[in-house]
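Since this is a predicted model, take the numbers as computed values, not measurements. We number each residue from 1, following the sequence as shown.
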Amino acid sequence: MRFVPESVAAVVRRGARDAFVVQTVRATVAATLSYVVATWLSREPVPLTAPLTALLVVQVTVYSTLTTSIRRVNSVVVGVLIAIGFSAVVGLSWWSLGLIIMASLVVGRFVRVDEFVQEVAISAMLILGVSQVTTQAWDRVLETVIGATVGLVFNLVIAPPVWVDKAGESIEDLARRARHLLLGLAEELDRPVPVERAAERLHEARQLDQAIAEVDGALRQAEDSLRLNPRISEGLLSRLVLRTGLDTLEICVVVIRVIARSLTDLAKRRDPGERLFPADVAVALEELFEHVGGALVSFAVLVTTQVSRNAEEAEQRLAAELAAAWSVRENVAQLLLRRVRESPEAWQLHGSLLAEVDRILDELDLEHRGRRLMEELDRASVANRDRFSRFAGLRRLARGERFRPRRPRRRRRQEETA
């Protein structure tokens, strides 16, 4: 078979979907542009602070770029001010160097520069070691501002990609893994299961916790890509849909782990060669687990679907799977009740299986999903209103309105009822 090289366009498209490739290209271009701008504006012959700052602040998303830029500039300015203050009192010696490092690290904690605490001390040391402190200090501040500004403008003009699709794929993969585990548990219900095998299934269920952590990381990146992104008009709604969907799947994964634990405990109570359940109960439970697994995947597709037509189809599939699961669940309940009446041992494990399945179906219910989403939207709108209400006085002052202090709520109620 002759090897056909991959086209350049295909390589570019594949690289555009890779976070590492996108970040490398963006950081390189932004750092180079900041160096060119700094050579025009700064008096330093080699203004490397500007590309260094751009390299640090150009993150994958606009939101993280803005927050990183603010912290980076803040740390450099604080370090420069500390160095100027020390240079006016003492020179550079071993004890003054140690003192300025300690002071910079302490002050850096109070000004909340987060991961750039070390940058405060680095800036102070570099400025303290030069002969013309004031000139070098403000040149360093200028270069830092240039690098941060170029990085921010670069992200605003050339908006970074939105990583919602990647987060959606992670959420759907998590649902499929949970479905695969349920189907694996269902296949062993009508056969003798050694305790070691049941323990392996329980271990697989526990490993889904690590998958949740990975999906949460991808979702955080997607949430940051939606904040302050000029290409997204409904970023808040998209973030809440994905976040609440992952929260629901996380609860379902925990319940599946409890199901695996119950089946492991049930395997311990069975004699060697004895099946977990009679044939009729095992067949009904297997059908129930299949519908629950299908509902999990349909729910994930519904959460991650952006097109309204596809979302409607996903909602219909989810409603059908839930209806079938509830119908089969009633049959399983009757079979388990008959089994418990015949042999009441381990009745609590039989009842826990039904309770755990009910919990999953309740979490995936469309009405429950709608209420949860509306609650999160209301909570987010209240938080935004409270945040912007702090600037209401400044807005009135900018419009030239007369400032009126806000009366306490209790006093307003007393005046209204008087």
Side-chain angles (χ1 to χ4, degrees), residues 17-20 163-223 241-270 275-277 282 285-304 318 321 325 346 348-350 352-364 369:
R17 294 192 296 266
D18 189 275
F20 174 76
W163 304 107
V164 176
D165 293 340
K166 181 180 178 181
E169 293 175 359
S170 300
I171 292 176
E172 292 183 17
D173 181 67
L174 174 63
R176 291 188 176 93
R177 290 183 60 179
R179 176 180 178 272
H180 179 74
L181 178 60
L182 278 175
L183 295 180
L185 294 173
E187 292 176 355
E188 301 174 349
L189 296 176
D190 62 343
R191 66 183 67 168
V193 179
V195 177
E196 295 78 10
R197 178 57 181 168
E200 291 178 2
R201 289 294 188 184
L202 179 58
H203 180 68
E204 293 178 14
R206 289 170 176 169
Q207 284 182 331
L208 289 179
D209 291 339
Q210 183 179 358
I212 291 176
E214 296 173 356
V215 176
D216 182 72
L219 183 54
R220 289 181 185 275
Q221 187 182 53
E223 289 172 341
V241 167
L242 292 175
R243 175 56 62 182
T244 54
L246 178 59
D247 292 342
T248 299
L249 287 179
E250 183 177 2
I251 295 173
C252 294
V253 166
V254 172
V255 178
I256 292 174
R257 187 171 70 240
V258 178
I259 291 176
R261 180 66 191 184
S262 299
L263 293 177
T264 303
D265 293 339
L266 191 61
K268 294 178 181 179
R269 293 173 177 265
R270 294 291 186 254
R275 295 181 297 185
L276 286 180
F277 294 96
L285 273 175
E286 182 177 359
E287 184 180 0
L288 177 59
F289 283 4
E290 289 177 357
H291 286 301
V292 172
L296 285 171
V297 176
S298 299
F299 177 82
V301 173
L302 174 63
V303 168
T304 57
L318 175 59
E321 291 286 359
Q348 70 277 11
L349 295 177
H350 295 164
S352 67
L353 286 177
L354 283 180
E356 290 147 11
V357 169
D358 290 349
R359 189 171 292 112
I360 294 178
L361 297 180
D362 288 336
E363 289 293 331
L364 299 178
R369 165 72 179 167

- For the atom pair CG (L249) and CZ (R177), what is the distance rounded to the nearest 0.5 Å? 13.0 Å
- Note on the structure: Interatomic distance, CD@E169 vs CG@L174, rounded to 0.5 Å, equals 14.0 Å
- L246 CG to D216 CG distance, which is reported to the nearest 0.5 Å: 6.0 Å
- Query: What heavy-atom pair brings V193 and A198 nearest, and what distance separates the two atoms?
  - Reply: CG1-N, 3.9 Å
- Task: Work out which heavy atom in I360 is nearest to a heavy atom in C252; give both atom names and the distance.
- Result: CG2-SG, 4.0 Å
- Query: ring pair (Phe, Tyr, Trp, His ring centres under 6.0 Å) with F289: which residues, sequence neighbours excluded?
  - Reply: none
- Item | Verdict with supporting geometry, F277 and H350, side chain to side chain contact (heavy atoms under 4.5 Å, CB included) | CA-CA 10 Å; F277 294 96; H350 295 164; 3.7 Å; yes
- Name all residues meeting the side-chain hydrogen bond (donor to acceptor under 3.5 Å, both in side chains) criterion together with S352; count only those two or more places apart in sequence or in a different chain, and write none if there are none. S262
- Kindly state each residue pair satisfying salt bridge (charged side-chain N to carboxylate O under 4.0 Å, His left out) with at least one member in residues 244-258, sequence neighbours excluded. D209-R257, D247-R372
- Do any pairs count as a salt bridge (charged side-chain N to carboxylate O under 4.0 Å, His left out) and have a residue in residues 355-364, sequence neighbours left out, and if so which ones? R329-D358
- Item | Full working for side chain to side chain contact (heavy atoms under 4.5 Å, CB included) between I256 and V292 | CA-CA 10 Å; I256 292 174; V292 172; over 6 Å; no
- Task: State, without any angle test, whether E172 and T304 hold a side-chain donor-acceptor pair at a distance under 3.5 Å.
- Result: yes
- Does R275 offer a backbone N or O that forms a donor-acceptor pair with the side chain of R270 under 3.5 Å? yes
- Query: Looking at side-chain heavy atoms only, is the closest gap between R179 and L182 below 4.5 Å?
  - Reply: no
- Message: Can you give me the closest heavy-atom contact between L296 and A178, atom names plus distance?
- Response: CD1-CB, 4.0 Å
- Message: When you compare the side chain of L353 with that of L263, does any pair of heavy atoms fall below 4.5 Å?
- Response: yes
- Note on the structure: Hits for salt bridge (charged side-chain N to carboxylate O under 4.0 Å, His left out) against R197, two or more places apart or cross-chain, chain-then-number order -> E188, E200
- Item | From CA spacing to verdict: side chain to side chain contact (heavy atoms under 4.5 Å, CB included), V303, R369 | CA-CA 10 Å; V303 168; R369 165 72 179 167; 3.9 Å; yes
- Which heavy atom in K268 sits nearest to a heavy atom in R261, and how many Å separate them? NZ-NH2, 4.1 Å
- Rounded to the nearest 0.5 Å, what's the gap from CG on L349 to CD1 on I259? Could you check? 12.5 Å
- Item | R269/D265 ion pair, N-O < 4.0 Å | no
- Item | Shortest non-hydrogen separation from A295 to L364 and the atoms involved | CB-CD1, 3.8 Å
- What closest approach, in Å, do L181 and R201 show between heavy atoms, and which atom pair accounts for it? CD1-O, 4.0 Å
- Sequence neighbours excluded, which residues qualify as side-chain hydrogen bond (donor to acceptor under 3.5 Å, both in side chains) partners of E287? none
